[in-house]
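Data first, discussion second: the structure below is written as structure tokens.
Keep in mind it's a predicted model, so treat the numbers as computed, not measured.
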Amino acid sequence: MEWRDEGIALGLSRHGEGHALLDVLTAGHGRWRGYLHGGGSRRRASLQPGDLLDLVWRARLEDQLGSFRAESLASPAARALDDGEALGMLSALCALCLRHLPEREPVPEIHAGALELLSALPDPPRRRAAYALWELRLLAGIGFGPDFTRCALGGPTTDLGWVSPRSGRAADRALGAPWAGKLLPLPVFLRDDLPEASPADFRDALRLTGHFLALWAGREGTGDPLPPARLRLAARAERAAA
């Protein structure tokens, strides 16, 4: 069994003496784990979460762990070493993929959104929008995406400004105002799929998507909180918007 694909490195963990297990997100094969020969401490230091890789996976049988041959194509993390927000986004994206995506199931929309984030990393307004929109794709991919196409209160769809924390359905800004304390703000850039986001809108977006990611984990029976990397990204966004 063999395939070749391009992928995004999600994590590299030690496995045995001088080797490692590599987790990747690929375009055609989804999240995949394989044995990386020679992936010891030096290789782990050079391969960072978010790196783009040219991958060849081989195994004797399809259901085996198999092994990777991995060649680096680009290292967004290396270009963002002095940018805490960009590194935080990469870490959160990788942690959420490892937490929520099933292995060996193609998720082309989620992979495409991750590539959009990587290309937007040098531009803060663009990367904020790309990251938040990626989390919406993740929620849709696991079957828990909010609905911004209609008003839950029967009003117009031209000024949707709130989201119900229970149903995930949007509500008209004016009609939902009396229940503002119980609703989640809906940033305009999420509603209209805009390419840029301010620090305040990014904070509100992470509150929104974080609520539904945590709710999904609870309904799946794990009760797990958001990954630490995602919690740190949210805390950074809160400080930046203050």
Side-chain angles (χ1 to χ4, degrees), residues 85-86 88-89 92-93 95-97 99-101 107 109-110 112-117 119-121 123-220 224-227 229-242:
E85 183 182 72
M89 290 178 181
L93 180 146
L96 288 170
C97 285
R99 173 72 62 86
H100 291 292
L101 293 183
V107 282
E109 288 295 318
I110 294 172
L115 291 180
E116 290 171 12
L117 171 63
S119 69
L121 280 181
D123 185 337
R126 284 184 58 226
R127 74 186 179 214
R128 295 187 200 111
Y131 180 84
L133 290 168
W134 177 82
E135 286 201 354
L136 282 181
R137 292 191 189 191
L138 176 64
L139 283 165
I142 61 179
F144 217 65
D147 180 7
F148 303 155
T149 62
R150 53 181 176 167
C151 176
L153 302 176
T157 60
T158 53
D159 191 25
L160 299 175
W162 308 100
V163 176
S164 165
R166 297 183 64 184
S167 69
R169 294 174 60 188
D172 175 76
R173 190 179 306 278
L175 291 177
W179 298 278
K182 298 181 179 180
L183 299 174
L184 297 165
L186 173 59
V188 172
F189 85 94
L190 282 187
R191 183 192 69 193
D192 296 341
D193 197 18
L194 299 178
E196 296 186 350
S198 68
D201 280 347
F202 184 55
R203 173 203 62 201
D204 289 345
L206 291 190
R207 288 176 178 175
L208 174 66
T209 54
H211 169 82
F212 289 107
L213 285 168
L215 188 59
W216 168 264
R219 291 197 178 181
E220 283 294 278
D224 290 338
L226 293 172
R230 176 55 169 77
L231 294 173
R232 290 193 295 270
L233 179 63
R236 174 181 287 274
E238 294 285 344
R239 293 193 299 270

Checklist line | Side chains of F148 and D192 in contact at under 4.5 Å (non-hydrogen atoms) | finding: no
Notebook entry, point to check: Yes or no on side-chain contact (heavy atoms from CB on, under 4.5 Å) for L194 and V188, after CA distance, side-chain angles and deciding distance?
Noted result: CA-CA 8 Å; L194 299 178; V188 172; 4.1 Å; yes
Checklist line | Atom of A129, atom of F189 and distance for their closest heavy-atom approach | finding: CA-CE1, 3.5 Å
Note to self: Evaluate T209 against R230 for side-chain contact (heavy atoms from CB on, under 4.5 Å), listing each step before the verdict.
What the structure shows: CA-CA 11 Å; T209 54; R230 176 55 169 77; 3.2 Å; yes
Notebook entry, point to check: With no hydrogens and no angle check, is any side-chain donor or acceptor of W162 less than 3.5 Å from a backbone partner on L186?
Noted result: no
Next item on the list: Please test L206 against E135 for side-chain contact (heavy atoms from CB on, under 4.5 Å), starting from the C-alpha separation and ending with a verdict.
Entry: CA-CA 9 Å; L206 291 190; E135 286 201 354; 4.2 Å; yes
Check: Does F202 reach the side chain of P124, with side-chain heavy atoms less than 4.5 Å apart?
Finding: no
Checklist line | Euclidean distance, L117 CG relative to R126 CZ, rounded to 0.5 Å | finding: 10.0 Å
Item checked: Verdict with reasoning, L190 to L133, per side-chain contact (heavy atoms from CB on, under 4.5 Å) -> CA-CA 7 Å; L190 282 187; L133 290 168; 3.7 Å; yes
Note to self: If we ignore hydrogens and angles and just use 3.5 Å, is the side chain of R236 paired with the main-chain N or O of G88 as donor and acceptor?
What the structure shows: no
Notebook entry, point to check: At what distance, to the nearest 0.5 angstrom, does CD1 of I110 lie from CG of L101?
Noted result: 5.0 Å
Next item on the list: Taking the side chain as every heavy atom from C-beta outward, state whether P185 and R207 have any atom pair closer than 4.5 Å.
Entry: no
Note to self: So, taking the atom named CZ in R191 and the one named OG1 in T158, what distance separates them when rounded to the nearest 0.5 Å?
What the structure shows: 8.0 Å
Next item on the list: List the atom of R203, the atom of A237, and the distance in Å for their closest heavy-atom pair.
Entry: CB-O, 4.0 Å
Check: Between L184 and L208, what is the shortest heavy-atom contact and its length?
Finding: CD1-CD1, 3.6 Å
Check: Going by heavy atoms in the side chains, are K182 and P165 under 4.5 Å from each other?
Finding: no
Next item on the list: Hey, could you give me the NE2/CG distance between H211 and L139, rounded to the nearest 0.5 Å?
Entry: 10.5 Å
Notebook entry, point to check: Would you say H100's side chain and L138's backbone share a donor-acceptor pair under 3.5 angstrom?
Noted result: no
Next item on the list: Give the minimum heavy-atom separation between F212 and S164, together with the two atoms involved.
Entry: CZ-O, 3.3 Å
Next item on the list: Of all the heavy-atom pairs spanning R169 and C151, show the shortest one and how long it is.
Entry: NH2-O, 4.0 Å
Item checked: Closest non-hydrogen atom pair between P227 and L96, with its separation -> CD-CD2, 3.8 Å
